[in-house]
2 protein chains.
Amino acid sequence: MKLSVRGEYALRALQVLARHSGDAVVPMQTIATEQNIPRRFLEQILHGLKAAGVVESRRGITGGYRLARPASEIPLATIIRHVDGALAPLSCVSHQFYEKCSCPDEARCALRSVMKEVRDTVAAMMERMTLADLVARAEALQAQPMEPVDFVI
Amino acid sequence: MKLSVRGEYALRALQVLARHSGDAVVPMQTIATEQNIPRRFLEQILHGLKAAGVVESRRGITGGYRLARPASEIPLATIIRHVDGALAPLSCVSHQFYEKCSCPDEARCALRSVMKEVRDTVAAMMERMTLADLVARAEALQAQPMEPVDFVI
DNA sequence: CAAATCTTGATGAATCAAGTCAGGAATCTA
DNA sequence: TAGATTCCTGACTTGATTCATCAAGATTTG
C-alpha cells in the first residue's frame, strides 16, 4: 500500500466529516480551508467518495457533505481501496484488485507467498481501524502537551 | 509499500543469484531467460543493484553477477528500498525517505500515527526476511504436490 | 583476434499524479 | 423571482514516472 496525496487528502477530509458527525452537512470550502487542500482537487475527491457511497451530499446554499454511515462503520481499508486501489504490495496477491503476474506458477511462487503475508497483515490493520478510531486517536494526541521545543527559562 | 515491476524483477533476479550462491557468477542472460525478464531492462536493474552494493559483477566472456554478501545477510527491505524506495505508506513516516507532509503538526497527526504503525509492521517483516529465507520458502513450495488441476481417471 | 559479457548514457512511448478550468444545476434567502 | 452559494460534470494541462529499448564502448577468455 502506498498512499498518494489524493488518498491522504481523502482521509483527512473524511476525518473532518467524522468529527462533525452531528451536523447536517459540512461545506467543502470549510474542509478545504481547515485541511489546506486545493478546493478544485477536493471537489474531485469528494465526488469520487460519493460515487463510492462513502459520503452523501446536499446542494445549494446550505449544501455540503456528510458521511453516509456512522464513522465507526467506515474502515480505512474501504476508503483507501476506493481512492488509491489495492492494499497489497503486488496485484497478484490482492483480493479486490487481483491481476495475474508473470511468474510461471503462482501457487508456488515464493515472492508471492511472502507478499501475501504482508497484504494480509496490512489489510487486517486497515480493516480494523475506522474513521471513528481515527478521530479518537486525534483527540488523544491533542490532549498531549505540546512538544517542549523551547523549555529554557 | 508498493512493488513496481522493476522491484519484482529485482527480487526474482536476486533469488536466482541466491540459489546459485556456490557458482562464481551467473550471466545476466541466464537470469533473464529463466525468469522471463526483458534483458535490457534487467541490465539496468542489476546495474543499480551493483551501485547499491548488493551484487558484484565480472566482465568478459566468463562474466556475470553474484551476490556481494551471503544471501542470509541481505534482507528484502534493503533491496526494496534501493529499487522502489520507501516501505512506508506515507513519506512522512518513512525513516530513510522522510519528507515533511502538509499537516500542521506532525507530532499530533492521527493519520500519521496510524501509518507509522503500518510502516513499523511492514518494515519489521521485510527486515527479518532475507534472500536466503526466500530461497528456502521456494524450495518448500516446490516440495508440495502439483495442484490437482485434472485428477480424473 | 573473436566472441561473449558487462558498462554507460540516451531515448521513447505510455501512463499516472496532481491540479486547474469552465459552465451548469440545485437550493435557500431576501 | 433574483441572486448568492453550493455541488455536479467532464475535459484539460503539466510534469514526472514507469517500463522499457538501443547503440557504442570496455573487459575478459579461448
Side-chain angles (χ1 to χ4, degrees), chain A residues 1-13 17 23-33 35-52 54-66 68 80 82-86 89-91 97 99 101-102, chain B residues 2-13 17 23-33 35-52 54-68 80 82-86 89-91 97 99 101-102:
Chain A
M1 175 185 59
K2 175 82 181 89
L3 228 52
S4 64
V5 171
R6 190 189 203 88
E8 189 192 326
Y9 287 167
L11 287 169
R12 296 228 306 260
L17 293 187
D23 309 19
V25 294
V26 180
M28 190 169 53
Q29 185 61 61
T30 304
I31 304 174
T33 305
Q35 294 290 325
N36 198 34
I37 300 172
R39 219 201 83 232
R40 299 283 195 178
F41 195 22
L42 181 58
E43 209 164 289
Q44 209 179 92
I45 294 166
L46 286 174
H47 190 258
L49 290 171
K50 187 190 172 187
V54 176
V55 299
E56 289 169 348
S57 66
R58 189 185 153 77
R59 282 184 173 183
I61 196 164
T62 55
Y65 286 91
R66 69 170 172 193
I80 295 172
H82 274 295
V83 176
D84 275 335
L90 280 178
S91 47
F97 299 86
E99 277 176 64
C101 74
S102 60
Chain B
K2 175 82 181 88
L3 229 51
S4 65
V5 172
R6 191 190 203 87
E8 189 190 327
Y9 287 168
L11 287 169
R12 297 228 305 259
L17 294 187
D23 309 18
V25 293
V26 180
M28 189 167 54
Q29 185 60 60
T30 304
I31 304 173
T33 305
Q35 294 291 324
N36 198 35
I37 301 172
R39 215 193 53 110
R40 300 284 194 178
F41 195 22
L42 181 58
E43 210 164 281
Q44 213 180 87
I45 294 167
L46 286 174
H47 191 259
L49 290 171
K50 187 190 172 189
V54 175
V55 299
E56 289 169 348
S57 65
R58 189 185 153 77
R59 282 183 172 184
I61 196 164
T62 55
Y65 286 90
R66 69 169 170 194
L67 299 182
I80 295 171
H82 274 296
V83 177
D84 275 336
L90 280 179
S91 47
F97 298 86
E99 277 176 64
C101 74
S102 61

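Just so we're clear, the structure is a prediction, and the values are computed from it rather than from any experiment. All values below come from the heavy atoms of this structure, side chains included, with hydrogens, waters and symmetry mates left out. Convention: sequence-line order gives letters A, B, ...; per-chain numbering from 1.
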Value in whole Å for how far the P atom of D:dT21 lies from CZ of B:R40:
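Answer to the nearest Å: 9 Å.
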By the 4.0 Å heavy-atom rule, please label B:G63 as base, sugar-phosphate, or nothing.
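Sugar-phosphate: the residue B:G63, judged by heavy atoms under 4.0 Å, touches backbone atoms but no base.
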Please tell me if the side chains of B:Q29 and B:T33 come closer than 4.5 Å, counting only heavy atoms from C-beta onward.
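B:Q29 reaches B:T33 side chain to side chain.
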Between the base of D:dC7 and the side chain of A:E43, is there a donor-acceptor distance below 3.5 Å?
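No.
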Atom pair distance, as rounded to whole Å: CG in A:L42 and P in C:dG19
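Answer to the nearest Å: 12 Å.
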Quick check: do A:D84 and A:K2 have side-chain heavy atoms less than 4.5 Å from each other?
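Contact flag for A:D84/A:K2 side chains = no.
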Looking at A:S57, I'd like to know whether one of its side-chain N or O atoms comes within less than 4.0 Å of OP1 or OP2 on D:dC8.
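So the side-chain polar atoms of A:S57 do come within 4.0 Å of the phosphate oxygens OP1 or OP2 of D:dC8, strictly under.
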B:P27, nearest nucleotide to its side chain (from D:dC7, C:dA18, C:dT5):
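Out of D:dC7, C:dA18, C:dT5, the nucleotide with an atom closest to B:P27's side chain is C:dT5.
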With a 4.5 Å cut-off on side-chain heavy atoms, are A:I45 and A:R6 touching?
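Of all side-chain heavy-atom pairs linking A:I45 with A:R6, at least one is under 4.5 Å.
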Nucleotide of D:dC7, C:dA18, D:dT27 approaching A:V5 most closely (side-chain heavy atoms):
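Given the options D:dC7, C:dA18, D:dT27, the side chain of A:V5 is closest to C:dA18.
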I'd like to know if B:Q29 reaches the base of C:dA4 with its side chain, counting only an N/O donor and acceptor under 3.5 Å.
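Side chain to base: no pair below 3.5 Å.
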B:K2 NZ - D:dC19 P separation (whole Å):
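In whole Å, D:dC19 P lies 9 Å from B:K2 NZ.
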Compare side-chain N and O positions of B:H47 against OP1 and OP2 of C:dC6 and report whether any pair is under 4.0 Å apart.
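No, outside the criterion.
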B:S4 side-chain N/O to D:dC19 phosphate OP1/OP2 under 4.0 Å
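For D:dC19, OP1 or OP2 has a side-chain N or O of B:S4 closer than 4.0 Å.
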For A:K50 and C:dA26, what is the distance between atoms NZ and P respectively, to the nearest whole Å?
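So the NZ-P distance, A:K50 to C:dA26, works out to 12 Å.
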Would a 4.5 Å heavy-atom cut-off, applied to side chains only, mark A:I80 and A:L11 as touching?
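Yes - at least one pair of side-chain heavy atoms lies under 4.5 Å apart.
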Between A:M28 (CE) and C:dT27 (P), how many Å, whole number?
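Rounding to the nearest Å, CE of A:M28 and P of C:dT27 are 16 Å apart.
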Return the 5'-most residue of the pair B:Q44, B:V26 with respect to DNA chain C, ranking by each residue's nearest nucleotide.
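Looking at the nearest nucleotide for each, B:V26 comes out on the 5' side.
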Whole Å only: how far is the CZ atom of B:R39 from the C1' atom of D:dA20?
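Rounding to the nearest Å, CZ of B:R39 and C1' of D:dA20 are 13 Å apart.
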If you assign A:P38 and A:G60 each to the DNA chain C nucleotide with the nearest heavy atom, which residue ends up on the more 5' nucleotide?
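Residue closer to the 5' terminus by nearest nucleotide: A:P38.
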With a 4.5 Å limit on heavy-atom distance, are the side chains of B:V83 and B:L49 in contact?
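Heavy-atom side-chain distance check passes, below 4.5 Å.
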If you only use heavy atoms from C-beta on, which nucleotide in C:dT7, C:dA4, D:dT9 is closest to the side chain of B:Y65?
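In terms of side-chain proximity for B:Y65, the closest of C:dT7, C:dA4, D:dT9 is C:dT7.
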For D:dA20, does either OP1 or OP2 sit under 4.0 Å from a side-chain N or O belonging to B:Y9?
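So the side chain of B:Y9 is within the cut-off, an N or O lying under 4.0 Å from OP1 or OP2 of D:dA20.
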Starting the side chain at C-beta, find the nucleotide from D:dC7, D:dA20, C:dA18 nearest to A:F41.
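Given the options D:dC7, D:dA20, C:dA18, the side chain of A:F41 is closest to C:dA18.
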Roughly how far, to the nearest 0.5 Å, is CD1 of A:I31 from CZ of A:R12?
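If we round to the nearest 0.5 Å, A:R12:CZ and A:I31:CD1 are 12.0 Å apart.
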Just how far, in rounded Å, is C1' of C:dA18 from CD of B:E99?
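Roughly 15 Å, once rounded to whole Å.
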Just how far, in rounded Å, is P of C:dT7 from CZ of B:R58?
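Checked: the CZ to P distance equals 12 Å.
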